[in-house]
Amino acid sequence: MTNYEPDINHRIWQVVALIPKGRVSTYGHVAEKAGLAGAARRVGSALRALPADSKIPWHRVLNSKGSIALPTASGSHQIQRDQLEAEGVLFNTKGRVDLEHFGW
DNA sequence: TACTTGACAGCAT
DNA sequence: AATGCTGCCAAGT
């Protein structure tokens, strides 16, 4: 049967939902845990398709550099940063999270 | 149906 | 450190 993609989104969201509060992860890592190793972009698509009222902690997902992937001009960018700081995640002067602090 | 875009990542310049 | 290219895979045009 044809692979219905929305099912993959659910799997990705499932993985993101497991990220503990005050912690962060990366697109690449989420992709790997969802069985989509190497397809980090697929994770971006899944989060983009995420309904605004979902309980998925999408804000805990950063790119490989530890920075927020959304455009600075984007309103979501600010929201994501606020959410993380509210959980105790610190940003350096370059607007990046110190991934090594979390064992990356 | 073919080409382009995108919440990415990793390596080469 | 910044920029560019390639690999990935679904969605949009």
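In what follows, chains are A, B, ... by sequence order, proteins preceding strands, each numbered from 1.
Straight-line distance from the CG atom of Leu47(A) to the P atom of dA7(B): 11 Å, rounded to whole Å. Between the NZ atom of Lys65(A) and the P atom of dC11(B) there is a distance of 12 Å, given to the nearest Å. Taking atom CH2 of residue Trp13(A) and atom P of nucleotide dA7(B), one finds them 17 Å apart after rounding to whole Å. Atom pair Leu36(A):CG and dC8(C):C1' shows a separation of 10 Å (rounding to whole Å applied). Residue Ile8(A) contributes atom CD1, which lies 19 Å from atom P of dA7(B) at whole-angstrom precision. Whole-Å rounding puts the Ile56(A) CD1 to dA7(B) C1' distance at 15 Å. Here dC8(B) presents its P atom at 12 Å from NE2 of His77(A), a figure rounded to the nearest Å. Atom CZ in Arg42(A) sits roughly 10 Å away from atom P in dG12(C) (whole-Å rounding).
Under the 4.0 Å criterion applied to side-chain N and carboxylate O atoms, Glu87(A) and Arg23(A) are not assigned as salt-bridge partners.
Set against dC8(C), dC8(B), dA10(C), the side chain of Ala69(A) has dC8(B) as its closest nucleotide. Among dA9(B), dG6(B), dA10(C), the nucleotide with an atom closest to any side-chain atom of Arg41(A) is dG6(B). In this structure, of dA7(B), dA9(B), dC9(C), it is dA7(B) that holds the atom nearest to the side chain of Leu70(A). Minimum atom distance to the side chain of Ala39(A) is reached by dC8(C), of the listed dA10(C), dC8(B), dC8(C). Proximity note for Ser64(A) (side chain, C-beta onward) versus dA7(B), dA9(B), dG6(B): the nearest is dA9(B).
dT5(B) and dG4(C): their P atoms are spaced 16 Å apart (whole Å). Spacing between dC5(C) and dT4(B) at atom P, rounded to whole Å, works out to 15 Å.
Between Ser45(A) and dA10(C) there is no side-chain polar atom (N or O) within less than 4.0 angstrom of OP1 or OP2.
In terms of position on DNA chain C, the residue among Ala37(A) and Arg96(A) whose nearest nucleotide sits closer to the 5' end is Arg96(A).
Counting only distance, with no hydrogens or angles, the side chain of Gln80(A) and the backbone of His59(A) share a donor-acceptor pair below 3.5 Å. Distance alone, capped at 3.5 Å, is enough to place a donor-acceptor pair between the Trp13(A) side chain and the Ala46(A) backbone.
Put simply, the side chain of Arg48(A) and the base of dG6(B) share no donor and acceptor less than 3.5 Å apart.
Between the side chains of Asn63(A) and Arg96(A), not a single donor N or O lies within less than 3.5 Å of an accepting N or O.
Taking CZ of Arg48(A) as the reference point, atom CG of Asn9(A) lies at 10.0 Å (rounded to 0.5 Å).
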